[in-house]
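Structure first, commentary second.
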Amino acid sequence: MFIQFKTVSKLNQLVNTMSKLCFDERVVVVTGAGAGLGKAYALLFASKGAKVVVNDLGSSRHGDGASRVADTVVSEIKSQGGQAVANYDNVLDGDKIIKTAIDNFGRIDVLVNNAGILRDKSFARMSEDDWDIIQNVHVKGAMRATKAAWPYFKQQKYGRIIFTSSNSGLYGNFGQANYSSAKMALVGLANTLAIEGQSSGINTNVIVPTAGSRLTEDIVPADFYNQLKPELIAPVVAWLCHEDCTENGSIIESALGWAGKCHLIRSNGSILRKSLKDSLTPETVRDNWDQVTDMSTAKRCESIAEATGELMNVIEQLSSSKTSDSSSSRSFDPKYTIKYTYDVKDAILYALGVGATTKNPDDFQYLYENHENFSVVPSYFVIFGPLGALGSDMLVTALPNLGEINIAGILHGEQYLKVLKKIPTEANVETRFRIQETLDKEKMAVILIEHETIDVKSGEKLAVGQMAGVIKGAGGFGGPRNSDHEVPLIDAPKRNPDISVTQQTCVDQAAIYRLASGDMNPLHIDANISVMGGFERPILHGLCSLGFATRHILQTFARGDTELFDCVKARFVKPVIPGQTLRTDMWREGKRIHFQTIVVENNSPVISGAYIDLKDVKLGNQTSKL
Ligand SMILES: *[C@@H]1O[C@H](CO)[C@@H](O)[C@H](O)[C@H]1NC(C)=O
Ligand SMILES: *[C@@H]1O[C@H](CO)[C@@H](O)[C@H](O)[C@H]1NC(C)=O
Ligand SMILES: *[C@@H]1O[C@H](CO)[C@@H](O)[C@H](O)[C@H]1NC(C)=O
Ligand SMILES: *[C@@H]1O[C@H](CO)[C@@H](O)[C@H](O)[C@H]1NC(C)=O
Ligand SMILES: *[C@@H]1O[C@H](CO)[C@@H](O)[C@H](O)[C@H]1NC(C)=O
């Protein structure tokens, strides 16, 4: 018989939906499993083949003090042919509970942190002991048990963790100040463990059960109350703990045979001032409050990187927006404008200047004008900075007593650039500069210079940016140390780089880059000048290393596609001598690629605190896992 492909996949689906979830060979620890939810979990896991540690410190209600509720549950499991062992330790002795699993069954795969207690009073009457006992059982107890299981999970590269939160935590509940804060603390713990465990196959989730309890009994109708059965929540927890379930870092609410996922969401918010120069008053906040709190377009941020990343857009909007007042000091002075016509040859020369090579297939589109995707390496519009700002009398206006500073003492400290429109391969452009602020860093002065590049013909703004010029020896003039104009650097995540690209610069790299960028500063070619600047030999332009990194990141995360480039921010730390080898270390966090550049020969950092935001990530075969 001939079975069509479609039919086969339908069949597969059917087989999948019919297959039973089993926990054979899996060892499950459930805390607080003597009754209620915990008991329902333990019974269900055992019936599905798991070896279960039934933890509960409570004594049986009707029994003599010696019989324990955990024993009752273990007997029930055994009578149904399952495997289980009891443990009576307090969750604060979490290591003993986990040890019971290891001693009896040799491993642990699943930990359901379910143990908890309730003690309700209004906040005014709550004592600090009331607070501590709740924190101890719910938060510290869950932490201790999890901490004891964690090394086993890490080592076997597999684990499933459940924390039990509560609607009182997510939504608040009268009389449960201690309880609700403890329950919400578990959400924070789960959020971080989901991230930390991700690379070790450890999934951490939060269950928010609504089960019948003394509390709920009083406040809900009887029909409803009678359906709040633990047995209707246990299957949701069992699924979350199965190896086929990839859910991680989620909050799942469940009751009555219903389950739903819960998120923190954030409104789009409202920018409360017009430009970086403006301050903010409580009155303005009041006047915009409706927009700040308008949840109609609210959405979830998938990660801390995304949450803060969106704040970067605010900075960009503020720095690109026209000034709110019309004072002339705020506008661009035509005196500090560079007009420049470039064509495809300049674009190609720039690509060569930043190390593009025909040896690299992804670079070819920057080097050959007939290539289908011929385009300009998107760091291009930084080249006018050193010419327009550092080379003009702009610095003197910023620092009137600059007279004695040697040109070799002027360095490019940091650079930010955002590309707003696809960079034309030939154009007549104007880059305008203005000083935002002069900072006093004691030993040196830092001048923040904003720039924007306009396509003269269309009048469109192509790029905006900010450079930080460092003037050695010019500090101590009593200016501010920091400024909220500064586009901040962002540290790379504290893990090894996800991927690195290594490329040797050529001995004439600075000589080529001088022509490519027009930045003819002799520091980059004249040994005598570089010695005056404190360097043994002529150094490569910092912006040249930045161009290398930009290409490396585009080739790794965008298959070279320049249209996916959004913005870059970098700090130039130490110089590169032409001919040295650059290694760009990259960390991907969503669409943000953190990076640093290292000189391989002496392991010395060149660029740090840097990132490139992409509009989208396009991975190749080798990078598909990143
Ligand atoms: C929580 O605080 C209340 C007082 O607000 C107290 O009665 C109760 O015992 C505390 N809960 C626990 C579990 O200690
Ligand atoms: C949890 O792990 C999954 C893979 O199982 C991953 O896709 C997800 O991003 C992780 N969640 C968090 C919050 O790290
Ligand atoms: C969201 O806020 C940004 C400013 O942060 C604004 O430019 C944009 O128009 C807003 N979008 C919506 C849908 O309100
Ligand atoms: C040009 O870019 C498109 C879209 O990214 C891609 O599909 C195509 O293969 C590229 N062309 C060449 C010659 O690389
Ligand atoms: C550097 O200075 C020395 C001594 O003054 C001089 O002989 C040499 O020509 C200079 N080199 C350059 C590249 O100007």
Side-chain angles (χ1 to χ4, degrees), residues 302 305-306 309 312-313 316 342-383 417-427 429 453 455 457-458 460-465 497-506 512-513 516 544 546-570 582 584-595 610-626:
E302 293 290 335
E306 187 180 331
M312 297 301 296
N313 294 338
E316 282 150 20
Y342 68 89
D343 62 16
V344 297
K345 280 186 288 178
D346 299 294
I348 293 171
L349 183 57
Y350 175 71
L352 289 170
V354 297
T357 160
T358 51
K359 280 187 271 181
N360 182 348
D362 286 321
D363 281 344
F364 204 52
Q365 57 194 308
Y366 316 137
L367 295 175
Y368 181 37
E369 69 285 4
N370 290 326
H371 189 283
E372 182 188 352
N373 298 329
F374 178 59
S375 53
V376 183
V377 178
S379 46
Y380 190 49
F381 287 133
V382 297
I383 65 172
L417 180 78
K418 181 179 172 74
V419 173
L420 305 172
K421 286 266 150 48
K422 183 176 163 63
I423 302 181
T425 52
E426 48 191 7
V429 297
T453 298
D455 184 332
K457 201 162 136 214
S458 67
E460 279 183 329
K461 203 185 281 185
L462 299 172
V464 294
D498 298 336
I499 190 167
S500 301
V501 170
T502 301
Q503 186 185 4
Q504 189 177 5
T505 63
C506 90
I512 300 170
Y513 190 83
C544 178
L546 184 68
F548 271 73
T550 303
R551 279 179 37 254
H552 292 165
I553 287 168
L554 283 181
Q555 88 190 41
T556 309
F557 290 101
R559 297 201 214 145
D561 187 345
T562 56
E563 289 196 56
L564 297 184
F565 178 94
D566 182 48
C567 66
V568 61
K569 169 75 192 188
L582 298 179
T584 308
D585 295 332
M586 301 167 241
W587 292 259
R588 179 182 169 195
E589 291 284 316
K591 292 176 194 166
R592 169 162 295 167
I593 313 300
H594 297 271
F595 70 96
Y611 65 88
I612 281 182
D613 283 345
L614 297 173
K615 291 184 183 134
D616 204 357
V617 170
K618 244 200 272 177
L619 299 172
N621 289 339
Q622 296 118 316
T623 54
S624 59
K625 291 210 179 67
L626 296 175

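Side-chain atoms are counted along with the backbone in the values below, which use heavy atoms only and exclude waters and symmetry mates. Start at 1 and go down the list; that is how both ligands and their atoms are numbered.
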- Task: Classify the angle between the aromatic ring planes of F364 and Y368 as parallel (below 30°), tilted (30 to 60°) or perpendicular (above 60°).
- Result: tilted
Under a 3.5 Å threshold, I'd like every N/O contact between ligand 4 and protein atoms, with atom names and distance.
residue: ligand 4; atom: 2 (O); partner: N373; partner atom: OD1; Å: 3.2
residue: ligand 4; atom: 2 (O); partner: N373; partner atom: ND2; Å: 2.3
residue: ligand 4; atom: 5 (O); partner: K618; partner atom: NZ; Å: 3.0
residue: ligand 4; atom: 11 (N); partner: E372; partner atom: OE1; Å: 3.0
residue: ligand 4; atom: 11 (N); partner: N373; partner atom: ND2; Å: 2.9

- Query: Is a salt bridge present between D566 and K418, judged by a nitrogen-to-oxygen distance below 4.0 Å?
  - Reply: yes
Reported [atom1]-to-[atom2] distance for the pair [X] and [Y], which is rounded to 0.5 angstrom:
{"X": "Q365", "Y": "Q555", "atom1": "CD", "atom2": "CD", "answer": "10.5 Å"}
{"X": "I593", "Y": "L554", "atom1": "CD1", "atom2": "CG", "answer": "10.0 Å"}
{"X": "L582", "Y": "T502", "atom1": "CG", "atom2": "OG1", "answer": "9.0 Å"}

- How would you list, by chain and number, every residue that makes a side chain to side chain donor-acceptor pair (under 3.5 Å) with R592, sequence neighbours excluded? D613
